[in-house]
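Encoded as structure tokens, the structure appears first; notes follow it.
All values below come from the heavy atoms of this structure, side chains included, with hydrogens, waters and symmetry mates left out.
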Amino acid sequence: MAATHDRPVSLSNRDDLDDVIADHDRVLVEFHTEGCGKCKAMEPVLSGAAQTTDAVVATMNPRDDPVLVDEYDVRSVPKLMLFVDGELVATREGEVLSVDEVQAFVSGED
């Protein structure tokens with residue numbers, strides 16, 4: 001299924017996360033926290049990636065569903081996680097990337 005969102009989708013909890021992963025072939029999820037400067041810097045990058053990749057881009061504060069912090073081993077934010085066909089296939093953590101770098105990450109070229 002092709003991505004249908006041209007901007008990041010905000011997720012609130014595990015159910016939202018599970019739904020977006022189940023409903024789309026390729027999903028890029030960014031875990032972020034309030035007050036994180038690197039996370040704030042990623043906002044325009046993720047907007048650009050949502051418009052230029054075939055992935056649905058979603059953002060979520062894992063503190064809204066604390067079990068996710070342990071489940072996805074969140075030690076630093078922003079944490080990018082790429083899901084393909086429902087499976088977590090790649091992660092990047094604690095860095096600010098360019099749109100080109102995110103596009104490469106989503107396409108598996110990084």
Side-chain angles (χ1 to χ4, degrees):
M1 171 187 296
T4 56
H5 301 281
D6 60 358
R7 59 186 171 166
V9 177
S10 181
L11 307 176
S12 312
N13 56 43
R14 165 180 285 294
D15 290 340
D16 289 351
L17 178 62
D18 290 345
D19 288 347
V20 77
I21 292 168
D23 289 346
H24 301 281
D25 294 338
R26 187 171 291 263
V27 179
L28 176 67
V29 177
E30 181 217 31
F31 279 166
H32 64 87
T33 58
E34 298 299 318
C36 167
K38 289 180 181 180
C39 302
K40 190 73 170 165
M42 284 297 295
E43 288 177 11
V45 172
L46 294 173
S47 291
Q51 295 171 14
T52 59
T53 68
D54 64 347
V56 169
V57 177
T59 63
M60 180 177 188
N61 185 336
R63 291 182 182 165
D64 293 340
D65 199 334
V67 171
L68 297 174
V69 172
D70 288 330
E71 182 175 338
Y72 290 106
D73 194 31
V74 180
R75 300 292 168 233
S76 181
V77 290
K79 180 166 187 163
L80 297 179
M81 300 180 301
L82 179 63
F83 294 85
V84 177
D85 297 327
E87 299 294 322
L88 178 62
V89 297
T91 63
R92 290 192 67 164
E93 193 167 23
E95 55 189 327
V96 176
L97 304 174
S98 69
V99 172
D100 289 342
E101 289 171 316
V102 172
Q103 289 170 331
F105 178 71
V106 167
S107 67
E109 298 172 8
D110 74 329

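Residues satisfying the salt bridge (Lys or Arg N to Asp or Glu O under 4.0 Å) criterion with Asp18, sequence neighbours excluded, are Arg14. Residues that satisfy the side-chain hydrogen bond (donor to acceptor under 3.5 Å, both in side chains) test with Ser12, not counting sequence neighbours, are Asp16. Residues satisfying the side-chain hydrogen bond (donor to acceptor under 3.5 Å, both in side chains) criterion with Thr52, sequence neighbours excluded, are Gln103. By the side chain to side chain contact (heavy atoms under 4.5 Å, CB included) test, Arg63 is found to be paired with Thr33, Asn61, residues two or more places apart in sequence or in another chain being considered. Evaluation of the side-chain hydrogen bond (donor to acceptor under 3.5 Å, both in side chains) rule for Glu95 yields Arg92 as partners, not counting sequence neighbours. A search for side chain to side chain contact (heavy atoms under 4.5 Å, CB included) contacts involving Val45 returns Met42, Val99, Val102, not counting sequence neighbours.
Screening residues 32-42 for salt bridge (Lys or Arg N to Asp or Glu O under 4.0 Å), with sequence neighbours left out, gives Lys40-Glu43. Each side-chain hydrogen bond (donor to acceptor under 3.5 Å, both in side chains) pair with one or both residues in residues 75-85, not counting sequence neighbours, appears once here: Asp73-Arg75.
In terms of heavy-atom proximity, Ser107 sits nearest to Ala104 at OG-O, 3.1 Å. Between Met60 and Leu17 the shortest heavy-atom distance is SD-CB, 4.4 Å. For Val74 against Phe31, the heavy-atom pair with the smallest separation is CG2-CD1, 3.3 Å. Smallest separation of non-hydrogen atoms from Pro78 and Cys39: N-SG, 3.7 Å.
Proximity of Leu46 to Leu80: side-chain heavy atoms (C-beta onward) are separated by under 4.5 Å at one or more points. Between Asn13 and Leu68 there is no side-chain heavy-atom pair separated by less than 4.5 Å. Looking at Leu88 and Tyr72, their side chains come closer than 4.5 Å, going by heavy atoms from C-beta outward.
Looking at Thr53, its side chain never comes within 3.5 Å of a backbone N or O of Ala50 through a donor-acceptor pair.
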